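Every value quoted in this text rests on a predicted model; they were computed, and no experiment measured them. Just so it is clear: chains get the letters A, B, ... in the order the sequence lines come, proteins before strands, and each one is counted from 1.
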Amino acid sequence: MSDIKITIDGKECTAKSGQTIVEAAKANGIYIPVLCHFDGLKPAGTCRICTVKVGGRFMAGCTTPVAEGMRIDNMTPEIEDMRKQIIEMLFVEGNHMCPVCEKSGNCELQALAYRYKMMVPRFPFLWPKREVVANTPKLYLDKNRCVQCLRCVREIITTDGKNVFAVKERGGKTTINMDEKLAAGLSDDMAMRAMDICPVGCIIRKEVGYKVPIGQRKFDSKPIGSEIEGR
Amino acid sequence: MGRKITIEPVTRVEGHGKVTIQLDDAGNVAQSRLHIVEFRGFERFVQGRPYWEAPVLVQRLCGICPVSHHLAAAKALDVIVGAGTGDGLTPVGEKMRRLMHYGQMFQSHALHFFHLASPDLLFGADGDPAIRNVIGVALEHKDLAVQGVMMRKFGQEIIRATAGKKIHGTGGIPGGINKNLSIAERDEFLKGADPLNIDKMIEWSQAAVDFFKGYHAQNKDYIDNFSVFPSSHLSLVRKDGAMDFYHGVIRCIDADGNKLLDDIDYQDYYKHIGEEVKSWSYMKFPYLRKLGMENGWYTVGPLARCNTADFIPTPLAQKEFEIFKAYTKGKPNHMSMHMHWARLIELLHSAEVIKDLLNDPDLQKDNLVVKGTKQKEGVGLLEAPRGTLFHHYRINDNDQIEMANLIVSTTNNNEPMNRGVNFVAKDIFTGKKEITEGMMNRVEMVIRAYDPCLSCATHALGQMPLELTLVDSNGKTIDQIRK
Ligand code: SF4
Ligand code: SF4
Ligand code: FES
Ligand code: NI
């Protein structure tokens, strides 16, 4: 891996070849918001919240590798508003009631909405009918809150290589399916892992809700992105 | 031609109500009704939700007394997760919840007295409506208004330290609590700069009781005779008969003080209490099964608690309790305006309990949650500021709520509030053809004495106004006032 030079919003940065734009930015203390991306997982590029502009073209920062001399726009008003729109769309496409949601304070979508100062989405609420799956002993799936990031699909795999979560249907109808038998067989750790990998309150480990008091939750005192920008 | 009067809105009552007074051909009050539009959708709303969500979910249904709902639900879920009731929790779990609850009692009672009741006392029923409100109190009795604001703030800070937020926190979880009280948090309440410390709060609470007694001495006729009618009284009491707002057994006494129910485990409440639906009101009418629908109604709230309890387990409040009891020679007190007196004694008691809890080292312990063998059904009762609050849940095999039944304090007081309105209406509307400001206020005052949480009973968002109408026996409106 050799060092290459790029700029992000005009700031000169050093990156390693093979890094994605998101990774390179992070290494330089610059935050590019991500939602479907999760460190260590193969990028899926489904949410587009990480959109940046390179040479006048929009690209997903989590899937695009850096190249020598790349000039990347990250925080321009145009891009920031686009990201805000994506967040708003995610809110209207699902059914989110943060005040009662047990993921509140630990939820990445909510944290992004705070970061982008979303008040009321500019799009009409769609109030989709979404399913709740409760018939497994450890996990509870509230699809009202799913953002189809596919993190669970990529991460939660049984010891013998089977996917516990899978995509069902395509396009607007995409939903996440949980294999109830496999889910029932998950170890406590894996069940907890499934909850933690989900950026929102869709995958819930049963009977642990609200254990962390307000004030000590992930984003209560550290807004999303501050862990990178603050360095 | 008979006539009917409707009062709407009841100002300074949070929520929405409507009073109709029907006069007969001779001009006498034939009937009076307090209509409260109750939305019972929440019981369906929680169906299918995972049970551990209930304490956070149900508290959203009332912006006025969320902590009571939060804790009543948590208590019901204690049973469901096998932690039992009362002393089933760890000391820190039980005591943190108590602290939260007494903090809520304290701030709610302070709010009621200083913001809602004191205008009636300070300016009288016929006072200028322009100043007969909290602004009027603030202008003419600056110290009282400031005390009201600070006491409320103190209570809210207690709630924040225990629940995580001043309203709609998450502290109570099935089987316990999600945080303890740090030494720093504790010392803030014990040793905070004046006036925000517990000693000042006790001093001010005592002063509020003294203020009432002084006022009472000057206005005995008004306070003692404003609205008086016999009633049964129901509340939780501690097993030994002490006043307890957080936990206990159900006790109900009749108008003469005989025990109708005593030492009843509230898990069995439905064996003793039924709920009747009436065509003219959306709100249910609870009643004691053993007395039946007609005679089984009862009063809950501060007056009821002072009537059912044998003693108050803190010294200053106990002293006041003895004076209060002596006034009716130990018999149950049925004077509606004495509800304010009882409420202030409870305010003082709450402050004393908060101090005792703050000094209890159990609050710094770490074993926050207890769980045992899971149950399918659980009931949680507590004494909310306005009276006994019932939460009852049943879950299915998938941990989802399949049945919820709630009886809120204001619903318990449905019949007595109707009787109170009737008492006042007979007194002031007989032979009248129009409604004056003073008449309207008297009707509102009796409702206000109960401190009804119409928000909670109706789940209305924000404050909704109310209306008084006078109608003849043919149903024709003669006069109407809206506020
Ligand atoms: S998943 Fe996140 S955004 Fe959705 S309701 Fe829960 S906290 Fe809010
Ligand atoms: S369940 Fe959670 S992790 Fe899986 S796709 Fe939906 S939001 Fe992503
Ligand atoms: S984070 Fe890049 S597309 Fe989702
Ligand atoms: Ni209420």
Under 4.5 Å from any heavy atom of chain B, what part of [X] do you find: side chain, backbone, both or neither?
X	value
Asp220(A)	neither
Glu102(A)	side chain
Tyr140(A)	side chain

Where on [X] is there a heavy atom nearer than 4.5 Å to chain A: the side chain, the backbone, both, or neither?
X	result
Gln400(B)	side chain
Ile173(B)	side chain
Pro50(B)	both

>> Taking the six-membered ring for Trp, are Tyr266(B) and His247(B) closer than 6.0 Å centroid to centroid?
In response: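 Centroid separation for Tyr266(B) and His247(B): below 6.0 Å.
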>> Ser187(A) vs Arg193(A), test: side-chain contact (heavy atoms from CB on, under 4.5 Å). Steps then yes/no.
In response: CA-CA 10 Å; Ser187(A) 68; Arg193(A) 178 77 185 147; over 6 Å; no
>> Run Phe245(B) and Tyr102(B) through ring-ring contact (aromatic ring centres under 6.0 Å, His included) and show every step you take.
In response: CA-CA 8 Å; Phe245(B) 302 148; Tyr102(B) 280 80; 5.1 Å; yes
>> Only pairs of heavy atoms separated by less than 4.5 Å count here; which of Arg49(B), Lys165(B), Lys179(B), Arg160(B) has the most with chain A?
In response: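 So the answer, after comparing Arg49(B), Lys165(B), Lys179(B), Arg160(B), is Arg49(B).
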>> Assess whether a salt bridge exists between Asp179(A) and Lys162(A), defined as any Lys/Arg side-chain N lying under 4.0 Å from an Asp/Glu carboxylate O.
In response: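 Result for this pair is no, no salt bridge flagged.
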> Is a salt bridge present between Lys374(B) and Asp397(B), judged by a nitrogen-to-oxygen distance below 4.0 Å?
Replying inline: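 The answer is no: the pair does not qualify as a salt bridge.
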> Taking the six-membered ring of Tyr246(B) as reference, does the NZ or CZ atom of Lys75(B) fall below 6.0 Å from its centre and within a 45° cone about the axis?
Replying inline: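 Output yes; distance and angle both within limits.
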> Among Met97(A), Lys211(A), Gln216(A), which residue forms the greatest number of heavy-atom pairs with chain B at distances under 4.5 Å?
Replying inline: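 Going by pairs under 4.5 Å, I would pick Lys211(A).
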